[in-house]
Colleague: 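Handing you a structure now.
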Amino acid sequence: MSGGKSGEPSWRYRRLAIYAVTIWGCFQLWLLVDSQDTRVNETIAWGWQVMIGALVLGYTGFATVQDMTAIWRTRSGKPYRDPDAVQPPADWPADIAPPEDDRRMGP
């Protein structure tokens with residue numbers, strides 16, 4: 001499930017899920033605004049607010065964890081790029097060229 005040219009995973013299904021649940025939760029809270037002020041309705045409203053908050057934190061937090069894991073595994077600041085696509089320029093001075101066994105600069 002690759003995203004664009006960078007190879008970063010697609011967010012399509014995550015976005016779809018978070019938007020659907022957030023809209024549903026906001027609709028449920030909107031229905032509770034005009035209902036009776038009871039302890040049950042208060043608990044339902046609090047539960048929806050906590051769930052929406054947890055989803056938003058999970059949406060952003062899991063993305064950060066996924067990116068950090070990819071950075072640690074590739075030992076690169078750009079973990080989703082194609083490693084073969086990056087080549088040193090043709091006029092690159094030999095005295096500052098990377099070592100031959102450096103795989104991050106391509107073959």
Side-chain angles (χ1 to χ4, degrees):
M1 185 163 49
S2 178
K5 294 179 184 177
S6 68
E8 186 173 2
S10 174
W11 282 68
R12 180 178 180 188
Y13 297 108
R14 288 184 231 175
R15 260 195 312 267
L16 183 64
I18 192 78
Y19 291 162
V21 172
T22 303
I23 289 170
W24 178 253
C26 290
F27 176 71
Q28 292 295 319
L29 289 173
W30 178 74
L31 289 176
L32 288 173
V33 167
D34 293 327
S35 63
Q36 289 182 347
D37 190 17
T38 64
R39 185 71 177 153
V40 173
N41 287 342
E42 180 183 333
T43 303
I44 292 170
W46 175 249
W48 276 110
Q49 291 174 10
V50 168
M51 188 176 77
I52 291 170
L55 285 171
V56 170
L57 284 173
Y59 181 68
T60 57
F62 289 137
T64 303
V65 169
Q66 179 183 25
D67 290 344
M68 291 304 298
T69 302
I71 288 170
W72 285 332
R73 284 186 180 170
T74 60
R75 294 184 172 91
S76 168
K78 297 180 180 178
Y80 301 116
R81 69 173 168 78
D82 182 15
D84 296 330
V86 178
Q87 297 291 329
D91 60 345
W92 193 275
D95 60 337
I96 61 170
E100 291 297 323
D101 62 344
D102 188 358
R103 296 182 184 177
R104 292 178 288 173
M105 293 302 290

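Every value quoted in this text rests on a predicted model; they were computed, and no experiment measured them.
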Colleague: Listed by chain and number, what are the side-chain hydrogen bond (donor to acceptor under 3.5 Å, both in side chains) partners of Gln28, not counting sequence neighbours?
Modeller: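 Result, side-chain hydrogen bond (donor to acceptor under 3.5 Å, both in side chains) vs Gln28: none returned.
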
Colleague: Just grab all the salt bridge (Lys or Arg N to Asp or Glu O under 4.0 Å) pairs involving residues 42-64, residues at least two apart or on different chains.
Modeller: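 Pairs touching residues 42-64 that pass the test: Arg39-Glu42.
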
Colleague: Not counting sequence neighbours, which residues clear side chain to side chain contact (heavy atoms under 4.5 Å, CB included) with Phe27? List them please.
Modeller: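 So Phe27 forms a side chain to side chain contact (heavy atoms under 4.5 Å, CB included) with Trp24, Trp30, Leu31.
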
Colleague: Please go through Met68's hydrophobic cluster and name the other residues, only I, L, V, M, F, W, Y counting, with side-chain heavy atoms under 4.5 Å joining them.
Modeller: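 Answer for Met68: Ile71, Trp72.
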
Colleague: Please list, chain by chain and in numerical order, all residues satisfying side chain to side chain contact (heavy atoms under 4.5 Å, CB included) with Val65, sequence neighbours excluded.
Modeller: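 If we apply the side chain to side chain contact (heavy atoms under 4.5 Å, CB included) test to Val65, skipping adjacent residues, the hits are Thr69.
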
Colleague: Verify side chain to side chain contact (heavy atoms under 4.5 Å, CB included) between Leu32 and Ile44, making sure each step is shown before the conclusion.
Modeller: CA-CA 9 Å; Leu32 288 173; Ile44 292 170; 3.7 Å; yes

Colleague: Using the side chain to side chain contact (heavy atoms under 4.5 Å, CB included) definition, which of the options Leu29, Thr22, Thr43 pairs with Trp48?
Modeller: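 Exactly one option meets the side chain to side chain contact (heavy atoms under 4.5 Å, CB included) with Trp48, and it is Leu29.
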
Colleague: List the residues meeting salt bridge (Lys or Arg N to Asp or Glu O under 4.0 Å) with Arg73, not counting sequence neighbours, and say none if there are none.
Modeller: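 Arg73 satisfies salt bridge (Lys or Arg N to Asp or Glu O under 4.0 Å) with no other residue.
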
Colleague: Who pairs with Ala70 by side chain to side chain contact (heavy atoms under 4.5 Å, CB included), at least two apart in sequence or on another chain?
Modeller: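 Here the qualifying residues are Pro79, Tyr80.
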
Colleague: Give the minimum heavy-atom separation between Gln36 and Asn41, together with the two atoms involved.
Modeller: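 Nearest pair, atom of Gln36 first, then Asn41: O-ND2, 2.7 Å.
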
Colleague: What residue among Ile52, Leu16, Leu55 forms side chain to side chain contact (heavy atoms under 4.5 Å, CB included) with Val21?
Modeller: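 It is Leu55; the other options fail the test.
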
Colleague: Is there a path of hydrophobic side-chain contacts, each under 4.5 Å between heavy atoms, that joins Tyr19 and Met51?
Modeller: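 Yes: a chain of side-chain contacts under 4.5 Å links Tyr19 to Met51.
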
